[in-house]
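Atoms within a ligand are numbered from 1 in the order they appear, just like the ligands themselves.
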Amino acid sequence: DKGQHRHFMAKEIHEQPSVIARALGAWISEDRTRVSCAAEAIDWRAVPRLTIVACGTAHYASHVAKVWIERVARLPVEIEIASEFRYREPPLPRGGVTMVVSQSGETADSLAALRYAKAMGQTTLGLVNVTTSTIAREADVALPIHAGPEIGVASTKAFTAMVLCLSALAVMIARQRGVIDAAGERARLDLLSTVPRLMAETIALEPQIEALAREISEAGDALFLGRGLMYPLALEGALKLKEITYMHAEGYAAGEIKHGPIALVDETTPVIALAPHDALFDKLASNMREVIGRKGRVAMIGDADACAEMSGEVWRSVTLPRADPLVAPFLYAVAVQFIAYHAALAKGTDVDQPRNLAKSVTVE
Ligand code: M6R
């Protein structure tokens, strides 16, 4: 049931504040002071490394989580694409944990990766939306993301629910490893509790993002740029856009543009810069200016401070709410989802059932 929405994708984008609130409620104690999940049974002090394996959007969610887990819990994280991991058969550290992240829990390559990790003696975690899935059954510990059924082929609420649950996992690991104390844990959970409200405020900016998306839909190609936590968001934005509009889009770490992609910049290609005013903003600002200097059209998604600094220079800008850097990915996810959705509407493509794609990829 799409409710009042034209497409499942629209419904699923709009549902995200309540999905995140529900997932958070399921992952923390009743008094909201502590993360409580089945992965607590693992002794994380003895774990040398966490390997996360996934495909597509789940892979990008894992890249966001890597920053959270490394920064908050100081645990080294390796991210792998399932189809590469399973055939490369890499050595895995003794006592290591391998987590497979999958909305459907049925993705063939992700399942094969899980089986490989198990055979290598790793403790395995399955972070899934579908709790009756094969990955949930076969993993040593199944962790639900509580996103509810996701029907649109382009994954939206599962992405943000994955990031939320992985962030909560990072907090639990940090506590177990003695990196944060009870007050530190509460502070992180308070931060995560702001996500539903900030996402709702971002969703309210839909008309502005729609106007930008319509302009972007007229181009043949688009580039998404970001640094740090915004780099996986740039990859996610490009994936969403190509999936449902069939436009050519690429996501890049902004520092990489000089190493090739800046050659693509001309007066017609929109360059979408994901630009919160965080510690990396100045670096990203110089990348935006490199694009502008080559007559590129920079569409900047930033917060008020970031947009103020670039005003008069960029082609277009959309101002999102201010947010802690660790929380910003949730807001920028909504923005890139709306860009893809409204560009697809402008182009008249099939939003929920894009050509050549299936919701769950059970063959390789
Ligand atoms: O069910 P999974 O999370 O394992 O699916 C992985 C990818 O197939 C999936 O995220 C795909 O990339 C989406 N269509 C992206 O929107």
Give a yes-or-no answer on whether the side chains of [X] and [Y] include a donor-acceptor pair shorter than 3.5 Å.
X      : Y      : answer
Asp190 : Ser193 : no
Glu150 : Ser155 : yes
Glu206 : His342 : yes

Quiz item: Parallel under 30°, tilted from 30 to 60°, perpendicular over 60°: which one fits the rings of Tyr231 and His63?
Solution: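 Tilted, since the angle between the ring planes falls between 30° and 60°.
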What's the shortest distance from [atom] to any protein heavy atom, and which residue and atom give it?
atom                    : answer
atom 10 (O) of ligand 1 : Thr57 N, 3.1 Å
atom 1 (O) of ligand 1  : Ser104 OG, 2.7 Å
atom 3 (O) of ligand 1  : Gln103 N, 2.6 Å

Exercise. Find all atoms of ligand 1 within a distance of less than 4.0 Å from any non-hydrogen atom belonging to Lys240, and give their numbers and elements.
Key: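 By the 4.0 Å cutoff, the relevant atoms are 15 (C), 16 (O).
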Self-check item: Residue Ala154 vicinity, atoms of ligand 1 by number, heavy atom under 4.0 Å
Solution: 16 (O)
Quiz item: Where's the contact between Glu243 and ligand 1, heavy-atom distance under 4.0 Å: side chain, backbone, both or neither?
Solution: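 The answer is the side chain of Glu243.
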Quiz item: Between Lys359 and ligand 1, which residue portion shows a heavy-atom distance shorter than 4.0 Å: side chain, backbone, both, or neither?
Solution: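 It is neither; nothing of Lys359 touches ligand 1.
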Quiz item: Are any of the N/O atoms in Val361 less than 3.5 Å from those in ligand 1?
Solution: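 No, no N or O pair falls under 3.5 Å.
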Quiz item: What are the two closest non-hydrogen atoms of Ser104 and Ser133, and how far apart are they?
Solution: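 Residues Ser104 and Ser133, closest heavy atoms: O-CB, 3.2 Å.
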Self-check item: Closest heavy-atom pair and its distance - Ala73, Val179
Solution: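 What the structure gives for the nearest pair is O-CG2, 3.5 Å.
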Quiz item: Which of these, Thr107, Val100, Leu239, has its nearest heavy atom closest to atom 2 (P) of ligand 1?
Solution: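 The residue whose heavy atom sits nearest atom 2 (P) of ligand 1 is Thr107.
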Quiz prompt | Winner among Ala158, Cys55, Ser133, Gly152 once heavy atoms are compared against atom 6 (C) of ligand 1 | solution = Cys55
Practice problem: Show your reasoning for whether side-chain hydrogen bond (donor to acceptor under 3.5 Å, both in side chains) applies to Lys118 and Thr98. | Solution: CA-CA 8 Å; Lys118 269 187 116 169; Thr98 295; over 6 Å; no
